[in-house]
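We name chains A, B, ... by the order of the sequence lines, and we start the count at 1 in each one.
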Amino acid sequence: MDIFVQILLNSLETGGIYALAALGIILIFRTSVTTNFAQGSISMFSAFLATIVLIRTGISPILAALVGMVFALVLGVLVDFFVISRAQKVNPVSKQIITLGLIMIFLGLAPMLFGTDPLQFPRFVYGSYSFFGATISYNAIFNIVVGLVLMGILFFALQKTKWGLSVRATASNDIVARMMGIPTASVTRASWAIAAALGTLSALMLAPTNSVNLSMMDTVQVTALLACILGGFTSFYGAVIAAYLIGFASNLISFYVSSIWSDSILYLLILITILFKPTGLFGKKVIKKV
Amino acid sequence: MDNMTNKLLKVENLSIAFGGLKAVDNLSFDINDGEIFGLIGPNGAGKTTVFNCITQFYKPDEGNIFFKTNTGEVENLVGKKTHELIGKGLVRTFQNIELIRELTVVENVMVGAHIEFKASLFNQFFRLKKTREEENRIRKRAEEILDHFGLSSIKDMLVAGQPYGVLKKIELARALMLDPKLIILDEPAAGLNDSETMSLVNIIKEIKNERNCSILLIEHDMKFVNGLCDRICAINFGKLLAIGTPKEIQENEQVQIAYLGKEDD
Amino acid sequence: MNNKLTDLYKTHKPYSQYALFGIILSLLPLLVSLGLVKYSLLTTVASILIYSIVALGLNLLLGYSGLISLGTAGFMGMGTYLTAFITADLGLPFELALIISVAVPMLIGVLTGLVSLRIEGYYLAIATLAISEILRKVFVEFDFVTNGFSGKQAQYPKLLGFLQLDRNGTYILIVFFLVLVMVMMHNLVNSHTGRALSTMRGSEAAASAMGINIYRHRLLSFAIAVAFSALGGVLYMHFVKYTYPNAWILMLSLNILAVIVIGGVRSISGTILGAFIVFGVPDLILKRLPIIGSIDGAAYIFNGLLIILVILFYPNGLINMRYDIQRNFNKQFKRGENING
């Protein structure tokens, strides 16, 4: 029982990290029709910046995270302004390759600007709390709550605000949306900015346990993409629920089977799942027009 | 399954809905051997949807599509894979010409005989005897068809940049490569001028007579259909209005209403 | 001539050009032994040629099926470990190792493809990304075969059981395989499978109406891409004689994609040009420049920027420059003629 509670608590934290990253990928997929492979690299890059700022100025980790997220917002806007917005007529495959090119640029720039050594980013809050024989750090609680609140705000915004309506309209048909007077270009730009900020937050939540390094987001990136597949690229909620499910499964496998192979086993399980459920757990089948 | 002597295709109670909207509603008709059959209806009547159901691009919700295949057996096409149909003797063309720009004219036509190629991957990698023999045989057949259409002078040119009327002919040539029993033409006259349309009518008649096959075509140009088809099926809102000879259809009141609207409106 | 004829579609057979290319490349060891070029250049060129082989396979996948694989490095790495294990640990012949080391990755590739190719094209990229992460884990953790992070060694190949190659001999073997792969790709693209792939790319609707099984052809092109990746891995292992897990990271897969995009999608000579740019320029030029040369990551930035610039402004790849230059030259020439006349 106590072990199970512990696993559940851990899963809420890891699931939240995956969910933030996955949400960013879906947001971009729905507005730019591309799977953004560079989500993790942009997040890693911004996390490095936040850490450098923290080290140089000695501000609190929370403030540093905010600086990192604001930087990520700007970075997202720049990426869209200089690259993505100019690639509207490019076919979807080449667009994917563009995001792969972005990985190369950020992975090349990072060691140039921030050095090659891994950096330490502290926890947001210290201390821990025990109940039912399980222990949870205040930092984990902070991460879980911040993650949930942010996602709650985002879902509320998607459903209830004019911006959300514009995103959903752009997602369902950008040409019609443009004809209806929706500024699809700025909707897309905002999506890139928000996605980058969400990813950066997930990177900084991960940082205390993994250190800030060039490959820190590799696993998160793969897992978030798989969460999108598992949840179905057609649904915002699907990816988030899938991310939490994956977080849970990952902790279960690490504890009961093997911690070394947990990611590999998980990836295989997800691939096998889509063999039987090709549109994902929550995806809808789309009929293509001939 | 009922009697299919003299019949090539039998569409039975076909229905398909997209999100609650019935695009085709309980439609039945059949096509005889060696017949040119027209499917007409105003825009949005569901003609192309019927085509896509027959060719299994869409999976119908209800109904059967019986087809007498190359081997003379009658099969229900519903549930078959799209790419299996050409081997049974059913081939189609497209409303917005679907040719490959980067391939030459003759290569595009050769694609029509794709399923006849049997050379293995290894054989193709090293261009061994079987590959060369197949390539030559099928290229020759493609050239003959192109010659028949008066296109031999452009056979080695790329498809990109050819005029529209020529593209229509190339697509038709591609459809003929395997001697199909049924050719389905999706708006063959769309975008053609009068003289091109006339030449197309002749070609279609010639194909039917020389190749002993049936032709199913969609069109909303009534003049074109009347001059060409043996029988016509008129539909509107996915439902059958009437089946009959061109004359019968022209005189049918419901068809007139669907096309022209009610007079007392 | 408005039609851009990529060189895969030339009606005449370019075998003699390929052979000539091979012969010129084979002269390099001679130049090295004459002291005309540096010893290290042979290594650089050999690796460029190996990556060309890998990229040619991937070009079929990307160019004709419109699919991206991010598992290239993983499958290449698998080829290196398998051949090292079979020749060095088991002491079996090079030829057998070559066959097994290509077949096993291909099988894994086909399984990956079976799962991911049924739905949307972009699923393959994600699935192969996951598979390559798993493979890297295997390279590290199966240390009883792979030696973990310390890496694994193998020797120059011994052909037919008695012909022991040296460094130059192995280089010639690589050239031979490259020319062979170029010929094979040219033949395939100009046979019915190639036309089927082109048709699929141009119009999936037309392809299925003409009896082309899209799923099977996607799988086929992916299997070929994986096989050539593994072949590249085998050749790499027996030339470099050393493999370790961090050689087979995502960055290499991205570089191979860069080769195709920068050089020219669906072009054999474009792929070779791309390989020289992506793997040659950083090694031969960037590293020698003052300041930039000493910076880590300059090559990544160079290739990443080039990918984006080419896609945005020169989507047919740099190989098409020769047509554009030719056209401009002709224009200039004709204008000159007119003035004179």
Side-chain angles (χ1 to χ4, degrees), chain A residues 29 34-35 37-38 82-83 86-87 89-113 115-116 214-215 218-219 221-223 225-226 228-229 233 260-261 263-268 270-275 278-280 283 286 288-290, chain C residues 62-63 65-68 70 111-112 114-116 118-123 125-127 129-138 140-141 203-205 208-209 249-251 253-255 257-258 260-262 265 295-313 315:
Chain A
F29 182 81
T34 190
T35 44
F37 289 103
F82 281 109
V83 183
R86 281 155 218 273
K89 289 197 178 116
V90 165
N91 67 52
V93 179
S94 299
K95 246 189 204 174
Q96 279 188 311
I97 299 177
I98 285 180
T99 71
L100 294 169
L102 288 172
I103 297 184
M104 300 174 94
I105 293 176
F106 285 112
L107 268 181
L109 277 175
M112 216 175 261
L113 300 174
T116 45
L214 290 177
S215 60
D218 288 3
T219 309
Q221 175 72 14
V222 179
T223 313
L225 284 166
L226 287 172
C228 295
I229 286 192
F233 270 95
I260 292 174
W261 294 101
D263 288 332
S264 302
I265 295 170
L266 194 61
Y267 296 164
L268 287 177
I270 295 169
L271 291 179
I272 292 168
T273 310
I274 59 163
L275 184 63
T279 49
V286 184
K288 278 186 202 160
K289 276 256 175 197
V290 183
Chain C
L62 176 65
S65 304
L67 295 169
I68 297 173
L70 296 177
L111 288 177
T112 315
L114 279 175
V115 175
S116 56
R118 290 196 311 167
I119 326 299
E120 294 287 343
Y122 54 81
Y123 277 29
I126 300 172
L129 185 63
I131 293 293
S132 69
E133 288 291 309
I134 296 174
L135 284 176
R136 248 178 56 74
K137 198 84 184 169
V138 170
V140 175
E141 299 295 336
S203 160
E204 291 197 358
S208 20
I249 51 174
L250 177 67
M251 226 26 160
S253 303
L254 298 185
N255 272 331
L257 267 176
I260 299 164
V261 172
I262 293 168
V265 177
I295 300 172
D296 281 332
Y300 290 159
I301 299 172
F302 170 76
N303 289 331
L305 272 178
L306 209 52
I307 286 187
I308 295 172
L309 291 175
V310 167
I311 289 180
L312 290 183
F313 302 110

Note: vs chain A, highest number of non-hydrogen pairs under 4.5 angstrom among C:Ile249, C:Leu129, C:Thr112, C:Leu254 is C:Leu254
One option among A:Gln96, A:Arg86, A:Gln221 has the most heavy-atom pairs under 4.5 Å with chain C, and it is A:Gln96
Side chain, backbone, both or neither of C:Leu257 within contact of chain A (heavy atoms, under 4.5 Å): side chain
When heavy-atom pairs shorter than 4.5 Å are enumerated against chain C, which of A:Thr223, A:Ile265, A:Thr35 gives the highest number? A:Thr35
Residue part contacting chain A, namely of C:Leu62, when any heavy atom lies under 4.5 Å: side chain
So, the part of A:Val90 with a heavy atom under 4.5 Å from chain C: the answer is side chain
Is the ring pair A:Phe233/C:Tyr123 parallel, tilted or perpendicular, if the boundaries are 30 and 60 degrees? tilted
Do the side chains of A:Trp261 and C:Val138 get nearer than 4.5 Å, heavy atoms only? yes
Toward chain A, the part of C:Leu306 with a non-hydrogen atom under 4.5 Å: neither
With the side chain counted from C-beta on, respond yes when A:Leu275 and C:Arg118 share a heavy-atom pair under 4.5 Å apart, and no when they do not. yes
Under 4.5 Å to a heavy atom of chain A? For C:Val261 that would be side chain
At a heavy-atom separation under 4.5 Å, does A:Ser94 approach chain C through its side chain, its backbone, both, or neither? both
Is there a side-chain contact between A:Phe37 and C:Ile126 in this structure, where contact means two heavy atoms from C-beta onward sitting under 4.5 Å apart? yes
What I'd like to find out is whether the side chain of C:Glu133 reaches to under 4.5 Å of the side chain of A:Asp263, using heavy atoms alone. no
Got a sec, which residues hit side chain to side chain contact (heavy atoms under 4.5 Å, CB included) with C:Leu114, two or more places apart in sequence or on another chain? C:Val110, C:Leu111, C:Tyr215, C:Leu219
On a heavy-atom basis, which atom in C:Ile134 and which in A:Ser264 lie closest, and how many Å separate them? CD1-O, 3.6 Å
Throw together a table of side-chain donor-acceptor distances under 3.5 angstrom for residues 100-112 of chain A, partners on residues two or more places apart or in other chains.
none

Once you round to the nearest 0.5 Å, how far does CD1 of A:Ile97 lie from CD1 of C:Ile307? 7.5 Å
